[in-house]
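The figures here come from the full heavy-atom set of this structure, side chains too, leaving out hydrogens, waters and symmetry mates. Just so it is clear: chains get the letters A, B, ... in the order the sequence lines come, proteins before strands, and each one is counted from 1.
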Amino acid sequence: MKIATYNINGIKARLPALLDWLKEADPDVVCLQEIKSVDAAFPAEEIEALGYNVETHGQKSFNGVALLSKLPLEDVTRGLPGDDSDEQARWIEATVMGDTEAVRICGLYLPNGNPVSFDAQGAPEREGKYGYKLDWMDRLHARAEALMAAETPALMAGDYNIIPQREDAARPDAWTKDALFLLESREAFRRILNLGFTEAIRTRHPEPGLYSFWDYQANSWERNNGIRIDHVLMTPACADLMTDCGIDRDVRAREKPSDHVPVWVELAA
DNA sequence: ATGCCATTAGAGTAATGA
C-alpha cells in the first residue's frame with residue numbers, strides 16, 4: 001500500500017498537476033493539504049475517474065484537507081479533537097483495509113505559526129498565530145498518544161510546517177526566528193516523535209539536503225534553497241510494515257507546480 | 001530591512017503562506 005502526502009496549494013490551480021502525478025506515481029492513498037476549497041467545489045469527479053474515493057474537509061479560501069484512496073475510506077472523521085471552537089480545516093482521518101492490515105491514516109495541515117512576537121528577553125510569546133500553532137500541536141500530541149495506545153498500524157502524514165533539524169534546511173541560519181524552526185516548535189514536534197513514532201524519511205535517508213518545499217520567491221528551486229517540512233509519522237506497528245519511502249522532488253520542476261512536493265511511504269499491508 | 005511569488009476571493013487590493 002503506497003501512501004503519500006502532498007500539499008497542493010489550491011486544488012483549482014493544481015488539478016492538472018495533481019492528475020498527472022496520480023497517474024504516474026499511482027499511490028493507493030493520498031493525504032492532500034491546502035485544497036483551499038469548500039467541499040462542494042472540490043473536483044471529486046475528475047479524481048474519482050482515476051479510481052479514487054474522495055473525502056474532503058474543506059473551508060473557503062484557506063487550509064482544507066482531503067483523503068484520496070483506491071480502497072474504501074472507512075470511519076472517516078474530520079477535525080482534530082480537543083477544541084470545538086477551532087474552525088480551521090486541518091485534519092481528516094480514515095481507516096483503509098489493506099490485504100493483510102487495517103491502517104488508520106491521518107492527514108494533517110499543521111498551522112504555519114508566523115509571524116512570531118518576541119519578549120524583551122528574546123523568547124517567543126505564546127500568542128496569536130504562534131500560540132495557535134503550539135496549542136494545535138498539544139492537541140496533536142493528545143491524538144498521537146491515543147493512536148499509540150491502540151497498538152495498531154497508524155500514521156499521521158502531512159504538512160507539519162516543522163523543520164526538524166538543521167540538516168532539513170539548505171540555510172538553517174535563515175530560519176532561527178521562524179515559527180517553522182524555533183526551538184519551541186521543534187521541541188513540540190519531538191515530544192510527539194518521542195511517544196514512539198517513526199519519521200519515515202529519516203529511517204532510510206540520513207543524509208542532509210532532502211527537501212519537500214521550495215518557496216516560489218527568490219529562485220529558491222533553481223538555487224535548491226529548500227526545507228523539509230512534510231513528514232510521515234508511523235506507529236511501531238505501522239513502521240514494521242514499511243518497505244520503502246521517498247520524496248518526489250522532480251514534481252517541483254514541472255509546469256505550474258505547488259511549492260511542496262509529494263512524500264510517500266510503501267507499506268506491506 | 002523588506003520584498004521577492006503564488007493562490008483565493010472577487011473586482012481594489014487584502015489575506016495568507018513559509
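Using P as the reference atom, B:dA1 and B:dA15 are 24 Å apart when rounded to the nearest Å. Comparing the same atom, C1', in B:dT8 and in B:dG12 gives a spacing of 15 Å after rounding to whole Å. When the P atom is used for both B:dT13 and B:dC4, the distance is 15 Å, rounded to whole Å. Taking atom P in both B:dG3 and B:dA14, one finds a spacing of 13 Å when rounded to whole Å. Here the separation of B:dA6 from B:dG10, taken at their P atoms, is 23 Å to the nearest Å.
Residue contacts shown for A:Tyr109 are limited to sugar-phosphate atoms, with no base heavy atom under 4.0 Å away. Looking at heavy-atom distances under 4.0 Å, A:Asp230 makes no contact with the nucleic acid at all. A:Arg171 comes within 4.0 angstrom of nothing in the nucleic acid, heavy atoms only. Residue contacts for A:Asn225: at a heavy-atom cut-off of 4.0 Å it reaches no nucleic acid atom on any strand shown. Within the 4.0 angstrom heavy-atom criterion, base atoms lie near A:Asn112.
Between the side chain of A:Gln33 and the backbone N or O of A:Cys31, at least one donor-acceptor pair lies under 3.5 Å.
In the hydrophobic clustering of this structure, A:Leu67 groups with A:Val96; members are Ile, Leu, Val, Met, Phe, Trp, Tyr whose side-chain heavy atoms approach within less than 4.5 Å, directly or through other members. Residues A:Leu233 and A:Met137 fall within the same hydrophobic cluster, defined by Ile, Leu, Val, Met, Phe, Trp and Tyr side chains chained together at heavy-atom separations under 4.5 Å. Using a 4.5 Å cut-off between side-chain heavy atoms of Ile, Leu, Val, Met, Phe, Trp and Tyr, with links allowed through other members, A:Val261 and A:Phe213 fall into different hydrophobic clusters. In the hydrophobic cluster analysis, where Ile, Leu, Val, Met, Phe, Trp and Tyr join through side-chain heavy atoms closer than 4.5 angstrom, A:Met234 is grouped apart from A:Ile229.
Map A:Pro111 and A:Ser61 each onto its nearest nucleotide of DNA chain B; the residue landing nearer the 5' end is A:Ser61. Heavy-atom nearest nucleotides on DNA chain B were determined for A:Arg14 and for A:Leu180, and the one closer to the 5' end corresponds to A:Arg14.
Inter-residue side-chain proximity for A:Asp230 and A:Tyr160 is flagged as unmet; no heavy-atom pair is nearer than 4.5 Å. In this structure, the side chains of A:Phe118 and A:Lys177 come closer than 4.5 Å at one or more pairs of heavy atoms. Between A:Asn224 and A:Arg249 there is a side-chain heavy-atom pair separated by less than 4.5 Å.
Looking at every heavy atom in both residues, A:Tyr6 comes nearest to A:Val251 through OH-CG1, 3.5 Å.
Heavy-atom distances under 4.0 Å link DNA chain B to no residue of residues 132-141 of chain A. Shown for residues 209-220 of chain A: residues whose heavy atoms fall under 4.0 angstrom of DNA chain B, namely A:Phe213, A:Tyr216, A:Gln217, A:Ala218. The stretch residues 247-262 of chain A touches DNA chain B through A:Lys256, A:His260, each having a heavy atom under 4.0 angstrom from the strand. Residues from residues 184-191 of chain A placing a heavy atom under 4.0 Å of any atom in DNA chain B do not occur.
For DNA chain B, the span of nucleotides reached by chain A at under 4.0 Å from its heavy atoms goes, 5' to 3', from B:dC4 to B:dA18.
The environment of CG in A:Asp84 is sparse: at most 12 heavy-atom neighbours from other residues, nucleotides or ligands sit within 6.0 Å.
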Test log, rule salt bridge (Lys or Arg N to Asp or Glu O under 4.0 Å), inputs A:Asp83 and A:Arg90: CA-CA 12 Å; A:Asp83 182 0; A:Arg90 297 179 174 277; over 6 Å; no

side-chain contact (heavy atoms from CB on, under 4.5 Å) evaluation trace for A:Glu199 with A:Arg202: CA-CA 6 Å; A:Glu199 192 259 280; A:Arg202 279 299 175 223; 3.3 Å; yes

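Using the six-membered ring where Trp is involved, A:Phe189 and A:His231 have ring planes that are tilted, between 30° and 60° apart.
A side-chain contact (heavy atoms from CB on, under 4.5 Å) with A:Val30 is found for one member of A:Ile8, A:Leu22, A:Val54 and no other, namely A:Leu22.
Counted by atom type alone, A:Asn9 and A:Lys36 present one or more donor-acceptor pairs between their side chains at under 3.5 Å.
For residues 65-76 of chain A, the set of pairs meeting the side-chain hydrogen bond (donor to acceptor under 3.5 Å, both in side chains) definition, not counting sequence neighbours, comprises A:Asp26-A:Lys70.
The distance from atom CG of A:Leu71 to atom CG of A:Asp28, rounded to the nearest 0.5 Å, is 6.0 Å.
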